[in-house]
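Structure first, then comments.
Since we're looking at a predicted model, the values are computed, not measured. Heads up: numbering here begins at 1 and tracks the sequence.
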Amino acid sequence: MNRCRSMRRAFRAAILTMCAALSAAIAVEAATPGSRWTSVDLGFAGAASSLVHGGVAGGISVAMRTTEPIVRHLRSSLEIRGDLFPGAQFEGSDIPEMSLTADPSIAATVLAGFELEGPVRGHSGPFAGVLAGITHATVGDVRSEYRGGLLPAANVTHGERRFSPAFGAEVGFHRLPTETGTNPELCLRYMGIWNDESPSHIFSASLGLGF
C-alpha cells in the first residue's frame, strides 16, 4: 500500500514538474522578440489635398521600412517613403484659349513609430502600425498658356517647397522573413501632412518584399 502511494506521489510530482517546465518554456518563448528585418514596398498612391493640383490625383509610392523587436509582437519601426504624383493638364479656367499644365508633385517623408503583429501561423500574420515624422513636400509648378492673341502668352506659377509634420497609420499582412531569403508583404497606408493651408491626405496600397 505504501509503495502504491509513493508511486502515485512520484507520478503526480513528475506531471507537475513537466507542466511547470512546459509553462516556463512557453513564457520564455512568448517573451522572446523576433529578429530585425527590413521591407521594401512599391504601389499605387492617391492624394486628396493641396499637395496636388485639381484636389485629387493618382501616383506611385515607394517605401522602405526597418523594424526592431521590443517585446514579442511589439516592434519599433523606421520608415522612409516617397510619393510621386505626375503632373497633367487640367481645367482651371473658363477661357477656352487658356490651358493649364501642372508639373509633378513629390512628398519625401521620414517616419518613426510602433508596429504590432497579430497571431502568427507558419511565419505569416497581420500587422498594424502608427508613425509620426516630417515631410518635405514639393508642389509642382503650374504653367499657363494663352493662345487668344496674335502671339501666344505663357506664364509660370511656382509651387511650394515646404517641411511639414506628418503622421501615418498602416495595416497589412506579411510572411516574416526567415534565413532562407525574402518573403512577400501587402500593406495599406494612410499619411496625413499638416501645413498652414489645409491638411494633405495620401492613401496607398503596395506590395513588397521583406528580408
Side-chain angles (χ1 to χ4, degrees), residues 34 36-88 90 102-120 124-140 159-177 182-211:
R36 175 199 302 179
W37 63 283
T38 300
S39 64
V40 178
D41 299 344
L42 177 66
F44 171 80
S49 60
S50 60
L51 176 64
V52 293
H53 301 287
V56 179
I60 59 173
S61 178
V62 60
M64 183 177 71
R65 182 183 49 171
T66 298
T67 66
E68 288 275 1
I70 300 176
V71 295
R72 185 168 177 81
H73 300 306
L74 180 63
R75 308 173 70 91
S76 63
S77 62
L78 176 64
E79 183 174 305
I80 301 173
R81 62 177 288 173
D83 298 276
L84 171 65
F85 301 96
F90 64 96
D103 290 341
S105 295
I106 302 172
T109 310
V110 177
L111 297 163
F114 299 96
E115 180 183 291
L116 183 65
E117 295 176 350
V120 178
S124 297
F127 66 92
V130 292
L131 309 100
I134 189 169
T135 293
H136 181 262
T138 301
V139 182
E160 293 184 79
R161 279 73 172 159
R162 59 175 183 254
F163 284 96
S164 303
F167 77 93
E170 55 193 30
V171 295
F173 189 91
H174 57 195
R175 179 172 174 81
L176 300 181
T182 59
N183 289 282
E185 174 180 274
L186 170 65
C187 189
L188 304 177
R189 291 184 171 91
Y190 163 77
M191 186 172 69
I193 303 173
W194 303 103
N195 55 65
D196 295 335
E197 297 180 1
S198 61
S200 300
H201 307 280
I202 300 177
F203 301 87
S204 62
S206 57
L207 291 172
L209 292 176
F211 52 90

ask   = Can you tell me how far the OG1 atom of Thr67 sits from the CD atom of Glu117, to the nearest 0.5 Å?
value = 7.0 Å
ask   = Is any side-chain heavy atom of Phe211 closer than 4.5 Å to a side-chain heavy atom of Val40?
value = yes
remark   = To the nearest 0.5 Å, atom CZ of Arg189 lies from atom CD1 of Ile202 at 12.0 Å
task = Can you measure from SG (Cys187) to CD (Glu170) and round to the nearest 0.5 angstrom?
result = 4.5 Å
ask   = If you round to the nearest 0.5 Å, how far is CG of Leu111 from CE of Met191?
value = 6.5 Å
ask   = Quick one: does Phe44's side chain get under 4.5 Å of Phe203's, heavy atoms only?
value = no
task = With rounding to the nearest 0.5 Å, note down the distance linking CH2 in Trp194 to OG in Ser200.
result = 9.5 Å
inquiry  = Would you say Thr66 and Thr38 are linked by a side-chain donor-acceptor pair, where the criterion is simply a distance under 3.5 Å?
reply    = yes
query = Quick one: are Thr138 and His136 in side-chain contact, heavy atoms under 4.5 Å?
reply = yes
ask   = What pair of heavy atoms forms the shortest contact from Pro86 to Gly59, and how long is it?
value = CD-CA, 4.0 Å
Phe127 and Glu185, any side-chain heavy atoms less than 4.5 Å apart = yes
From Val62, Leu188, Asp41, Leu186, residue fulfilling side chain to side chain contact (heavy atoms under 4.5 Å, CB included) relative to Ser206 = Asp41
Ser39 OG to Glu79 CD distance, which is reported to the nearest 0.5 Å = 7.5 Å
